[in-house]
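Take a look at the structure set out below.
Order of the sequence lines sets the chain letters (A, B, ...), proteins ahead of strands, with each chain counted from 1.
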Amino acid sequence: MTRGSDRALAEFLSEAQEIVESLNRTILSLDELQRDGGDNAHELVNDSFRAVHSLKGLTGMFGLEGTARLSHGLETLLDALRLGRVDVTSIVVDLLFEAVELFSAGLAAAADGGDLDAALIKSYLDRIDDIPSETLTAATVREDEDELAAYEFDASVVSVLTEYEEHRLRQLIREGKTIYRITTLFDLLTIDTGIEQLRQAIQLIGEIITYVPGGDGDDPDKLEMVILVGSGAALDTVAAAAGDNATVDAVASATPEVPAIPSLGVRVPQRAEADSADSSAETDPVPAPAASAGQVSSLRSVSQSVRVDIRRLDALMNAVGELNLVHSGLSALMDRMVGDGLVDHVRDLCREVRSLERRAAELQDGILEVRMVPLRQIFDKLSRVVRKISRTIDKQIGLDIGGGETELDKLIVEELSDPLMHIIRNAIDHGIETPGERVAQGKPEVGTIKVRALQQGNRVVISVADDGRGIDELAVADAAVRRGVVDVGAVESLNRRELLNLLFLPGMSTRQTATELSGRGVGLDVVKTNIANLSGIIDMTSTPGHGTETTITLPVTLAIIQAIVVKVAGRTYAIPCNTVVESVMVDAGEIRTIEGREVITVRNQTLRLARVERTFRLDRPPSVPVPNPLYVVIVGVAQHRLGLVVDELLSNQDVVIKSLGPALASVPGIAGATELPGQQTVLVLDIPKLIEESVAQTAQTEAA
Amino acid sequence: MARFHIATEEAFVAAQTKERAGRDYDREVITFRLADERYGLDITAMREILKMREITELPRVPAFLTGIVTVRGEVIPIIDLRLRIGLGASSPTRASRILITSHEDQLFGLIVDEVHKVVRMLSTDIQPTPLPGGIESTFLAGVSRPDGDLIVLLNLPAVVTFRIEGS
């Protein structure tokens, strides 16, 4: 089978990825439930079953035979789970987690036109087959004592129940639950939401066994549904949950006092009978009525969300940028008209332009909002990896995650997962001690890694804190000197925090031996670079013996940024506000020179200066003399501060950053370009790069 | 040789033109002036011709990179073609134009002194003769004289492929 077009493939991948992510979440909950000894796993198993079933269909459709085969094997396992033939044990949960990883690998391979390795799939499916089958026999034996025989269920109803539904019915009766029949009319137009509301209400008090369409009734716009529910609640509670339009009666109860069990008496329409005939004939375990109920909810989700390629949103964002330019053009035109004495018309025009401005702002906010995704997406991945790591090493790790609902631009979230994983691996590998060491220090055996995300204005702060051994900054300094990363002399002038942040320099690692976990030749310097590329700032604090905290501060979006527009030697530049600490006006006389570098003192702190005109080797036109006083824009990345000396501060405004394109990507110190009103193209400064250059220069001066 | 009967001179010319058009004219080249020479670029790489406009200067790049302009939201690098191929910096006049060309999906603007016209020519008439001295031969694709006067054809990929040091 052919793979279809690229676009179809991209849509397939994103849809499949979404399903795999939700499967991962479900299995995480299942894992938690299993460890807490809960036995209410059937909803979660059911959700997993549905997810895997969808994946089977999708991957099969795209000709990914390997991945489809994996889905099929997994479906068999999940079906055995939901039928109670196999118990949810940690072995099973591990297998499920492994499946998530295999699916991810399969999708990654599919993106490059490949598929999963057949040997991998086979070894995985073999292990599914190896799951102890004694539970299976035990469950089957139990099934044989047929509780249903004790009740006079209408044969036509039992026959429409799928194997799974029948299993649940038996199970619920065995648990002493009462079986209720709810008959209710739904308006055909709103049946989706109606069923969903009912489902949510019922789930709070019991379990829905099946939905069966009832008779057609008199009203052609309404549909009768019969819903079988197992619940421990009393009749009135169930009736209250079912709502006013429903009639509820108890059809079976384990309590012997119930005098007579009324017949289920469901009128089964022709269609349902045909379905049931099909499903009993097929070996495919997908139950027809349950599938139709499942389809109701999946149709709903499709109708309410749209998957969009992020590049399309970029294009929209560009259009909004252009719209803003048009707006500025109109404003300028209005000023000219006022000058020409056309005041009357201008008043009307002004009102229209204001309205345009508001609409454009709404549009811009709307698009920015669409780009936002919750951090939960990567936090879920983190939990999975941490779980896996902690069982391969002799440390116990508890991951405590908060703030997953915090939203960031999709592009930032994508780029964040590697750096975040690296920081967490470091915490596990270097931070958290072995249980023995921890107990000896009076700490709990289980080490905790706390991950928190929090929005502060238009920035998001993500912190990763462990309660491990902390970092000895002197050991860091020692290693830095030994590796020739810094000079002994330079180290002496650094404070604790600065010493700690030496870890972010290339070629640093405080452990002698690299481990499988964090010694992959990728250090914190790469983490720092990745974060800096997102206009983010990374910082680290540590208390020896008590733990380490790494903080990442990121802008909420990169698509539109606030920028300060400055003028230097007749040129105009934009400086992204997220790197600006403050701007100050200084008299030329306040600038001093220390070791060949210009500095000023701001609030008792010595600040290194960089004259943009010298950094960029600009020719100053004779018509533009060096002004006095000058302006210093203080910018910062991590612990570094630098004062950029400019002639003038022009304005503070929202700008859409455009890439310079591949040919100019390596122009040092320039992050991109933006259009300002009046058709003017202005360069946006790359502050992290400029700070890096300044630091490198200082190191050179000191070395010389 | 003459496979068809020649009735009139007109028919002869028509037949010959038809034959040449159908068989031969396989290249269209836009010609322009740089200093005192006539140069050409294949029309298939051309996107647009712009009048001179304000170009935003880029710091710390080779001198032939004049800067960037934004056209319909897209940032386009501008190359001073004279400086690039070793003819000395251009000084813009009213006749100066920016040729927007495309190479491997990226747009590049080339500053030329004056745009002439589109000339059709035969691939087989293009000779790989590098000019002695002056221009670096890597930028040349060959020369041709479709209408008698010399046209120097430029090698666009070489012109727009450059490295920027320092990062």
Is it true that, when you exclude [X] itself, more than 12 heavy atoms of the residues, nucleotides or ligands shown sit nearer than 6.0 Å to its [atom1]?
| X | atom1 | value |
| --- | --- | --- |
| B:Glu48 | CD | yes |
| B:Arg47 | CZ | yes |
| B:Glu104 | CD | no |
| A:Phe616 | CZ | yes |

In terms of heavy-atom proximity below 4.5 Å to chain B, should [X] be classed as side chain, backbone, both, or neither?
| X | answer |
| --- | --- |
| A:Leu618 | side chain |
| A:Thr572 | neither |
| A:Leu660 | both |

Shortest non-hydrogen separation from [X] to [Y] and the atoms involved:
| X | Y | result |
| --- | --- | --- |
| A:Ala673 | B:Ile68 | CB-CD1, 3.7 Å |
| B:Glu57 | A:Leu683 | O-CD1, 3.3 Å |
| A:Thr615 | B:Arg60 | O-CD, 3.4 Å |

Any heavy-atom pair between the side chains of [Y] and [X] that's under 4.5 Å?
| X | Y | answer |
| --- | --- | --- |
| A:Leu664 | B:Val61 | no |
| B:Pro59 | A:Val612 | no |
| B:Thr56 | A:Gln680 | no |

Report task. Against chain A, label B:Ile55 side chain, backbone, both or neither, depending on which of its atoms sit under 4.5 Å from a heavy atom there. Result ->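 Neither the backbone nor the side chain of B:Ile55 comes within 4.5 Å of chain A.
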**Report entry** chain B-proximal positions within residues 647-657 of chain A [heavy-atom distance under 4.5 Å]
**Finding:**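 Hits under 4.5 Å: none found.
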Query raised in the report: Who passes side chain to side chain donor-acceptor pair (under 3.5 Å) against A:Asp686, sequence neighbours left out?
Result: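 Scan of A:Asp686 (side chain to side chain donor-acceptor pair (under 3.5 Å), adjacent residues dropped) gives none.
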Query raised in the report: Would you say B:Gln106's side chain and A:Ala663's backbone share a donor-acceptor pair under 3.5 angstrom?
Result: yes
